[in-house]
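Report on the structure given below.
Just the heavy atoms: all of them, side chains too, but no hydrogens, waters or symmetry mates, feed the values below. Here is the naming used below: chain letters follow the sequence lines, and residue numbers restart at 1 for every chain.
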Amino acid sequence: MTNAPTNAASAEVTAIDSGARRPLLLLLGAALVWLVVSGVLALITSIQMHSPGFQADCPVLTHGRAAALRETAFIYGWAANAGLAIALWVLARLGGAPLRALNWAVIGTIFWNLGVAVGLVGIATGDMTSFAFFQLPRYVQPLLVVAYGAIAVSGVLAWSGRRTDQTYASQWYAVAALFLFPWLSSAAQVVLLWAPVRGTLQALASGWFTQGVWACWLAPLALAGAYYVVPKVSGRVLPSYDFAPLSFWTLIFVGAWTGGRHLVGGPVPAWIATMAVVSCSLLLFHYLIVGLNLRVACGAEGTGIKFIRYGLAAYVLGGVLDGITSFRGIALRTQFTLISDAQEQMAIYGGVSMMFFGAIYYMVPRLTGRPWASALFTVGHRVLVTSGVTVLLISLFVGGWIQSGELLDSKIPLADILGHLRIWFLLGSAANLVILGANILFLVNFCQSACVCSPIQASTENLFRQPTALEAPVS
Amino acid sequence: MKNGPVFFLGLFAAVTISWAGIVLASHAQLGGLVPYFDDTEGKSFPERPAGIAARGQLVYADLGCASCHTQQVRRPGFGSDQARGWGDRQSVARDYIHQARPQLGGSRLGPDLTNLAGRKPSAPDAEDLLKLLYVGTPVHPRYQFLFETRPIVGEASAQALRLIGNLAPAAGFEVAPSERAQTLVAYLRSLNNTYEYPEARPAPAPIAAKGEAVAHGTPAASHQETKQEGKK
């Protein structure tokens, strides 16, 4: 069962895949290394929640710095590399031609990861910017935009040089993500780092960037993979596909307007929070359509699709929760509590990362031309990471609920609240340990699968056709 | 979506419109905020932070204190901020105009620090804060790397921490705060935004609203006044 999609792999490798093998595997390898790094940091930060003394004497790992390091390694290390690999591959396959300008992509990958590494050292030594999702010091930020552009060139060429006039949802999402991140980042850099706006306007610009990164970059990258893999594996036409363009434009246009949802009652104009409420509600349409389109994932089998199913559930549920908690009466409770953390983890781990995992499990055998090295590790990773993330989310949500109730009662001192949350913090640490173990399994499995030199390359020239069962149209 | 240029234009428009809407529009509204001059006190609020406090804010930011402490008080009645003694009025944009990088924060694992130096009945003094940083509590980590244990040369330093029990350094040694610790503490002791700006006065309660509206003008009118004052 686990090998269902991988058995067909060797017969399914095309010249499109084999040509892009090394650059894309490089991106994925870098992504997985960062995933493990951020897992170690996540474990450290979660241990600090119940044992504040842990590593506190180490200036590099104060809770604030460790949390910023974890977040940065996760977003700019894992999600960026993995998402780019998926986006490029999807664009190449749907464009019907091998990727061009791949040497640019390789150079870009190297510089991107160097930039992230230097940035992490900068954060650890005190140069963090203290803006959420934007912690990298300003001296690496321009480098990252240029490196990103170099990687994205391949994808944009694949889009503009596509062989068919017709386009698919996964292409829209992939192109949008490739194109929009440099804009988001440079606009945010100008108003936050190079010519900072005054006072609380920084909080607004930072909120705009955070939500923009989510709605115009991370979510589209994940959906690009999901919209490609789900119809391929299920072999079915996506239901309600006519609504997909509207859903796409809703996400892109409305997404960043939710930037004020963490500033309810804060020192900013009230209309900012109102706009966030309206936008979060409008986005429900997007989540509804994604859920309707991709519901065929429920009937399909295979490792990749199991991850995507989990990811979709978390994505849609997370969107609904965002909508609910943006209302003032509810934000009053959930603001500043672990529930915000829980929602963030639900979005970037439960939603985006799970969809990435699914796409990677589908993609790697087709790049290497052989099944995953270890079926045991594949199953192990899936069981451990899904249960780990589930437990982590439960611990954060339940802990956050308790915290939110007690914060409202001014008679309970903050120290006591932390004491009451201890059991949930411990559970969160256990969950992070399990997730870390699972991702190490994944990394080992990936290295074993990718490092074996495959003889497929010579014989792929005449294998352009794919098995008909897997060639179901995406639309 | 078949038309490439239009597609790209659409994407570009999406980002530009949201950026203009959130960043530029609020900049137009708040970017010109100036300090509020109080005739009776004869000075402007908020006051500029002392140089040492401004440097302390950089330490606060680079250690990531904002990951557990907020610096934004919500209005009385909206949450327990007032009841916990964090502030009697809501934080307003004007409070932050002198701050290079406001540390609003997003998590309240620890207390809000907006008005730390104005806590009632008594605000923590420098020694309390230094001890908290050196010794920690069961819920607050200790940051001993901000301190230096050094041999006493000549007379003991006046800044050395007075520690007792097993925390006390060996005989002939003292624990002195580093410059970073001192600036951080100076910053924490400067946090006091208690001046009541016109825009920070709570809206009158709904029942009393009618009577007070006649006496003091409606909340909307008082906002207008604030704006005009700001422009002056």
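Counting heavy-atom pairs closer than 4.5 Å to chain A, the top-ranked of the candidates Gln144(B), His140(B), Arg101(B) is Arg101(B). When Gly79(B), Cys65(B), Ala66(B), Gly136(B) are compared by the number of non-hydrogen pairs under 4.5 Å with chain A, Gly79(B) comes out ahead. Counting heavy-atom pairs under 4.5 Å between each of Val23(B), Thr16(B), Leu30(B), Asp81(B) and chain A puts Leu30(B) at the top. If you tally non-hydrogen atom pairs under 4.5 Å between each of Gln99(B), Arg75(B), His27(B) and chain A, the highest count goes to His27(B). Ranked by non-hydrogen atom pairs under 4.5 Å with chain A, the options Gly106(B), Pro138(B), Gly110(B) are led by Gly106(B).
With ring centers used as reference points, Phe209(A) lies 6.0 Å or more from Trp19(B).
Between the side chains of Thr258(A) and Gln211(A), at least one donor-acceptor pair of N or O atoms lies under 3.5 Å. For the residue pair Trp271(A) and Gln29(B), a side-chain donor N or O sits within less than 3.5 Å of a side-chain acceptor on the partner. When only modelled atom types and interatomic distance are considered, Gln189(A) and Ser185(A) share a side-chain donor-acceptor pair under 3.5 Å.
Interface residue Gln103(B): only side-chain heavy atoms are found under 4.5 Å from chain A. At a 4.5 Å heavy-atom cutoff, the contact between Leu109(B) and chain A is made by backbone and side-chain atoms alike. Contacts between His98(B) and chain A at a heavy-atom distance below 4.5 Å are absent for every atom of the residue. Proximity to chain A (any heavy atom under 4.5 Å) is shown, for Val15(B), by both the backbone and the side chain. Looking at Ala93(B), the atoms closer than 4.5 Å to chain A (heavy atoms on both sides) sit in the backbone and in the side chain alike. The contact between Thr70(B) and chain A is made entirely by side chain atoms (from C-beta outward), counting heavy-atom distances below 4.5 Å. Ala13(B) touches chain A through backbone and side chain together, each having a heavy atom under 4.5 Å away.
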For Ser67(B) and Arg65(A): C-alpha separation, side-chain torsions, deciding distance, then whether side chain to side chain donor-acceptor pair (under 3.5 Å) applies. CA-CA 9 Å; Ser67(B) 65; Arg65(A) 286 187 184 173; over 6 Å; no
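Distance check: His50(A) NE2 to Leu418(A) CG gives 12.5 Å after rounding to the nearest 0.5 Å. Going from atom NE2 of His262(A) over to atom CD of Gln335(A) covers 9.0 Å, rounded to the nearest 0.5 Å.
The ring-ring contact (aromatic ring centres under 6.0 Å, His included) test with Tyr173(A) singles out one residue from Phe179(A), Trp249(A), Tyr168(A), Phe248(A), and that residue is Phe248(A).
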